[in-house]
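Notes to accompany the following structure.
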Amino acid sequence: MPTFAGFFAKGDNQGAQNALSSSIRNMMFVMLPAAAGLVVLAPEITMVIYEGDAFKALDTMRVSRALAMYSVGLGFYGLQKSLVPWFQAQNDMKTPLKVSAYAVVLNAMLNIVALVALPEEWRHVGMAASTVVSALFSCILLIGLVGKDARAALKSSLLHLIKIIFASLGMAMALYFLKPHLATLNYILAMALLVIAGMAIYAALAFSLLSI
């Protein structure tokens, strides 16, 4: 926000636009592969952190489903973190507040639907999905209200984001096919190797695609 505010104070809309574009690119460079990796490795991550004693394999499966669903929304959460300061830097506190209020109402309504409509085994996953959908809804509203300069920044970042998405999906596919080959190892060692492999694969794919 201070960066945006500095540009706006000088009347440098192009500088603010460039800063927003950079913010979105940097945020998504981290958030999108994190989301992809968490979706694929949710069971293994949950098992390493929680499983043992009273926390059984069934509990791991249930928690990992919610973790995977929440992870889908990481890109949306990150985009909100880049867009909201754009409004605040222009002393517009009402717009992001209103959008947040709408998102809270939508989240509550979807939570009720999840509790009523879904089987008990999947209700917590439905509630996680409600949070993701509400975050997506917030992003759509913010993009619609943010103004032409910010939308131009988003448009200029689109190709960059598409490349990051492809790199993230490529990493996720590689981890999915690699997991069975490490199943015989100690689960902590396997998790560590998968994380390292994921980082290496994503780095290779991302820098290859972004250099094109």
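The closest donor-acceptor contact from the side chain of H124 to the backbone of R62 lies under 3.5 Å. At distances below 3.5 Å, not a single donor-acceptor pair connects side-chain atoms of R65 with backbone N or O atoms of W122. S211 places a side-chain N or O within 3.5 Å of a backbone atom of S208 that can act as its donor or acceptor partner.
Applying the 6.0 Å contact sphere to CE of M173 captures no more than 12 heavy atoms from other residues, nucleotides or ligands. Enclosure of atom CE in M199 is not indicated, since only 12 or fewer non-hydrogen atoms of other residues, nucleotides or ligands lie within 6.0 angstrom.
The line from CG of L83 to CG of L141 is 11.5 Å long, rounded to the nearest 0.5 Å. Taken from CD in E121 to CG in L58, the straight-line distance is 6.0 Å, to the nearest 0.5 Å. M47 contributes atom CE, which lies 9.0 Å from atom CD1 of I188 (distance to the nearest 0.5 angstrom). To the nearest 0.5 angstrom, K155 atom NZ is 14.5 Å from L161 atom CG. Going from atom NZ of K56 over to atom CD of E51 covers 8.5 Å, rounded to the nearest 0.5 Å. To the nearest 0.5 angstrom, H181 atom NE2 is 13.5 Å from L193 atom CG.
Across every non-hydrogen atom of A114 and R123, the tightest pair is O-CG, 3.7 Å. The heavy-atom pair separating S64 from A42 by the smallest distance is O-CB, 3.4 Å. Across all non-hydrogen atoms, the minimal contact from S134 to A103 is OG-O, 3.5 Å. Considering all non-hydrogen atoms of both residues, M171 and P33 come closest at CE-O, 3.3 Å. Contact between L209 and A167 at its shortest, heavy atoms only, is CD1-N, 3.8 Å. When every heavy atom of M28 is checked against every heavy atom of G75, the shortest pair comes out as CE-O, 3.3 Å.
Classification of the F4-W86 ring pair by plane angle, with boundaries at 30° and 60°, yields perpendicular.
V104 and L79 fall into different hydrophobic clusters, defined by Ile, Leu, Val, Met, Phe, Trp and Tyr side-chain heavy atoms under 4.5 Å apart, directly or through other members. One hydrophobic cluster, built from ILVMFWY side chains closer than 4.5 Å, cannot hold both L194 and I196; they sit in different ones. Taking hydrophobic clusters as Ile, Leu, Val, Met, Phe, Trp and Tyr residues chained together by side-chain heavy-atom distances below 4.5 Å, L110 shares a cluster with I140. V84 is not connected to V105 by any chain of hydrophobic side-chain contacts under 4.5 Å among Ile, Leu, Val, Met, Phe, Trp and Tyr, and they are in different clusters. Residues L74 and M127 are members of separate hydrophobic clusters, defined by side-chain heavy-atom contacts under 4.5 angstrom among Ile, Leu, Val, Met, Phe, Trp and Tyr.
Residues D12 and Q14 have side chains in contact (heavy-atom distance under 4.5 Å, counting atoms from C-beta outward). Taking the side chain as every heavy atom from C-beta outward, F137 and V99 never approach each other to under 4.5 Å. The shortest distance between side-chain heavy atoms of L41 and K179 falls below 4.5 Å. Residues Y77 and T131 have side chains in contact (heavy-atom distance under 4.5 Å, counting atoms from C-beta outward). Under the 4.5 Å side-chain criterion, counting only non-hydrogen atoms from C-beta, I24 is not in contact with M27. Two residues are said to be in side-chain contact when any heavy atoms from C-beta on lie closer than 4.5 Å; Y50 and D59 fail this criterion. For the pair F166 and I162, the minimum side-chain heavy-atom distance is below 4.5 Å. Contact of the N26 side chain with the V30 side chain is not registered, since no non-hydrogen atoms from C-beta on lie closer than 4.5 Å.
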Apply side chain to side chain contact (heavy atoms under 4.5 Å, CB included) to the pair V195 and I45, showing each step before the final yes or no. CA-CA 10 Å; V195 170; I45 292 171; over 6 Å; no
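Ring-centre distance between F29 and Y202: below the 6.0 Å cut-off.
There is a side-chain donor-acceptor pair under 3.5 Å between S23 and S82. Under the 3.5 Å distance criterion, with hydrogens and angles disregarded, a donor-acceptor pair is assigned to the side chains of S157 and S21. Under 3.5 Å, the side chains of N13 and Q17 contain no donor-acceptor pair of N or O atoms.
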